Amino acid sequence: MNLLETPFSRRSKSNKRQILDDGRPVVSLHNLNIKNSNSKMCSRSFKESWYDSHKWLCGSFYEQRLYCWPCVLLGKVKNVWSSDGYFDLKNLSRSVKKHEASKDPINNFIGLVRLEKNKGTIIDALNEGSRLSKILYNDNVRKNRLVLLQIIEVVILLGKQELAFRGHDESTLSINQGNFREMFNLLIKQNAELLSHYEKISNVFTGQSKTIQNEIIHCVYEYIIDVIKSEINDIHFFAVISDDTTDIVEKFQCAITLRYVKKTGELKESFLGFHDVSSSKTSESFFNLITSVLDPYNFRTKLIAQCYDGASVMAGHVSGLQKRIKDEAPNAALFTHCCAHRLNLVLQQGSYCVPQYQIFFATLLGISVFFKKSPKRTFVLDTIIGKRIPIANETRWCTRSNILNFVVSNLDKLLEVMECIRDNPESGMESINGAKGFINSLKKFEFVFFMMIYKDIFNITDTLLLKYTINISIQTM
């Protein structure tokens with residue numbers, strides 16, 4: 001193709017006009033030879049219909065190569081389609097799409113249109129230019145959606161795993177920009193196409209601001225609520241479970257959960273969220289909150305059960321929350337005192353009424369605290385027993401069961417740990433005195449007796465605590 005030797009821009013006006021009048025060369029190519037992995041020559045068939053599908057495509061009979069006609073004539077940036085020629089028919093479809101989506105070929109095509117005098121040719125060329133512009137636009141939309149999909153997936157994963165989004169230092173020089181940014185950067189780097197596109201649009205859209213994160217979280221929340229509403233619309237009855245809690249900044253919150261059986265027979269609990277009730281903790285404020293949350297679910301006709309703890313604000317039979325809800329939803333909105341709370345109260349009151357039991361549990365919880373306060377003691381525990389003692393919790397009796405089971409299973413080794421701490425010359429006075437006291441307690445008949453009694457009791461109550469939700473569902477049917 002002599003256009004490669006003498007560029008179109010260097011030719012005379014008459015020669016340029018002749019080239020434009022002749023139009024793009026659409027010759028048959030029969031000898032497109034390529035080398036395979038074994039360095040042997042092989043050939044692939046060329047379809048002349050490709051010229052009709054791509055109005056910019058042309059060929060050189062002598063070079064046995066394919067070219068982009070607008071780029072050959074007007075292109076300022078050299079590429080395989082304007083200088084070397086394309087011959088890899090195996091990857092032709094992908095390369096054609098990539099070339100059509102580039103800005104330079106589109107600009108060259110439009111520039112060629114301006115040189116054409118025939119009206120019909122101009123219209124066809126403009127239509128082709130419009131088609132290529134749409135291809136470029138749709139490709140950008142596709143990539144934008146894929147970038148946004150990565151952001152949404154990171155938000156869902158962090159929410160599911162209950163991980164923090166933000167980092168202490170999210171600057172570009174930070175070695176730890178927080179879970180959200182680090183995970184998004186990791187995902188985007190796995191796809192070279194997306195990474196290239198993201199770098200192009202990063203000055204306009206990053207998707208990593210806290211505002212966008214919060215908006216996506218809210219969108220995910222709205223979607224989940226819509227799914228719950230759809231499930232509630234398909235059933236006739238449901239129950240509400242509510243309890244209060246305090247978050248890390250000491251803000252008083254009310255957690256609301258719906259419990260129902262789906263049309264498929266699956267028992268399901270759907271959490272509706274935490275709601276701030278710090279300003280007022282009266283039964284009226286709880287009533288206003290729960291009714292506003294349950295209004296979209298038609299609770300006045302579908303609510304058949306409500307479950308709270310035994311506090312007077314919740315369980316009061318005159319003006320408590322359960323009485324107010326029952327007056328609002330008269331179709332048997334029965335109140336059930338949470339089985340876990342009741343069992344916890346029974347165990348607590350049953351133990352605290354006997355002084356010896358109080359001493360026993362104080363010793364049991366003290367063993368956990370004794371190791372938690374000192375890394376040195378914990379090291380001795382890890383060395384001899386090979387596992388940690390469960391952490392104590394004053395309000396949850398399941399932690400007492402966990403500690404008791406640990407002590408029962410490792411009583412002899414635990415005594416060995418205490419003796420090692422007591423006899424170690426590097427141990428402090430607090431460690432030595434504490435170890436001595438626990439050794440005396442662990443060897444007492446009274447402690448071992450109570451330990452075996454409560455082991456049998458906890459074998460029953462642990463099962464009840466695990467299955468209390470089943471008990472609630474039976475009571476509310």
Side-chain angles (χ1 to χ4, degrees), residues 145 148-149 151-162 213-245 253-277 283-309 314-315 320-342 463-477:
R145 289 179 176 177
L148 187 59
L149 178 62
I151 296 174
I152 294 173
E153 288 181 344
V154 172
V155 169
I156 293 175
L157 179 61
L158 293 179
K160 182 180 178 181
Q161 298 302 118
E162 300 180 5
Q213 293 177 29
N214 291 334
E215 287 179 353
I216 295 178
I217 292 173
H218 185 71
C219 289
V220 173
Y221 164 77
E222 288 185 336
Y223 174 79
I224 294 174
I225 292 298
D226 289 340
V227 172
I228 296 174
K229 287 180 181 178
S230 176
E231 292 177 348
I232 296 297
N233 288 335
D234 292 337
I235 62 174
H236 299 291
F237 309 108
F238 68 87
V240 61
I241 305 172
S242 180
D243 196 7
D244 51 33
T245 181
Q253 299 177 123
C254 178
I256 301 177
T257 303
L258 298 185
R259 184 179 176 85
Y260 52 92
V261 179
K262 298 173 60 176
K263 292 180 68 176
T264 58
E266 176 189 356
L267 179 62
K268 186 173 182 180
E269 287 186 359
S270 295
F271 176 64
L272 299 184
F274 292 108
H275 302 271
D276 185 14
V277 289
S283 61
E284 183 178 1
S285 63
F286 279 110
F287 170 76
N288 293 332
L289 169 64
I290 290 182
T291 53
S292 64
V293 172
L294 297 184
D295 262 337
Y297 304 95
N298 196 16
F299 79 97
R300 290 175 177 81
T301 58
K302 291 188 175 183
L303 182 64
I304 63 168
Q306 45 184 328
C307 180
Y308 318 115
D309 60 20
M314 311 295 276
L321 174 62
Q322 65 91 10
K323 179 63 168 61
R324 294 173 181 269
I325 293 292
K326 193 169 185 179
D327 292 340
E328 193 73 16
N331 293 338
L334 300 177
F335 165 66
T336 302
H337 186 182
C338 175
C339 292
H341 283 90
R342 286 194 293 177
T463 304
L464 292 175
L465 285 171
L466 290 174
K467 296 184 177 180
Y468 82 93
T469 53
I470 299 178
N471 295 335
I472 292 176
S473 65
I474 294 175
Q475 294 176 18
T476 54
M477 284 184 173

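Here the structure is a predicted model, which means the values were calculated and not measured. Positions are given from 1 along the sequence.
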Exam field: side chain Ser242 to backbone Ala255, donor-acceptor pair closer than 3.5 Å: yes
Between CZ on residue Phe287 and CD on residue Glu328, distance to nearest 0.5 Å: 4.5 Å
Test item: Lys326 side-chain N/O and Gln306 main-chain N/O as donor-acceptor pair under 3.5 Å: no
Separation between CG of Leu303 and CZ of Arg300, rounded to the nearest 0.5 Å: 10.5 Å
Pair Tyr308-Gln322, side-chain contact (heavy atoms from CB on, under 4.5 Å): steps then yes or no: CA-CA 8 Å; Tyr308 318 115; Gln322 65 91 10; 3.8 Å; yes
For Phe237 against Ile304, the heavy-atom pair lying closest together: CD2-CG2, 3.3 Å
Reported CD1-to-CD1 distance for the pair Ile224 and Ile228, which is rounded to 0.5 angstrom: 7.0 Å
Backbone of Asp226 reached by a side-chain donor or acceptor of Ser230 within 3.5 Å: no
Closest approach of Phe299 to Ala329 (non-hydrogen atoms, all atoms of both residues): O-CB, 3.8 Å
Main-chain N/O of Glu231 paired with Lys268 side-chain donor or acceptor, under 3.5 Å: no
Nearest heavy atoms of Lys302 and Ile235, plus distance in Å: NZ-O, 3.0 Å
Beyond-backbone contact of Asp243 with Met314, side-chain heavy atoms, under 4.5 angstrom: no
Residue pair Arg259, Leu267: steps toward the side-chain contact (heavy atoms from CB on, under 4.5 Å) verdict: CA-CA 8 Å; Arg259 184 179 176 85; Leu267 179 62; 3.1 Å; yes
Non-hydrogen atoms of Asn298 and Thr301 that approach each other most closely: ND2-OG1, 3.0 Å
Reported CG-to-CD1 distance for the pair Leu321 and Ile290, which is rounded to 0.5 angstrom: 4.5 Å
Nearest-0.5 Å distance that lies between atom CG in Leu158 and atom NZ in Lys160: 12.0 Å
Side-chain heavy atoms of Leu258 within contact of Leu294, under 4.5 Å: yes
Distance in Å, Ser285 OG paired with His275 NE2, rounded so as to fall on 0.5 Å steps: 13.0 Å
Where Phe271 and Ile256 come nearest, the two heavy atoms and their spacing: CD1-O, 3.6 Å
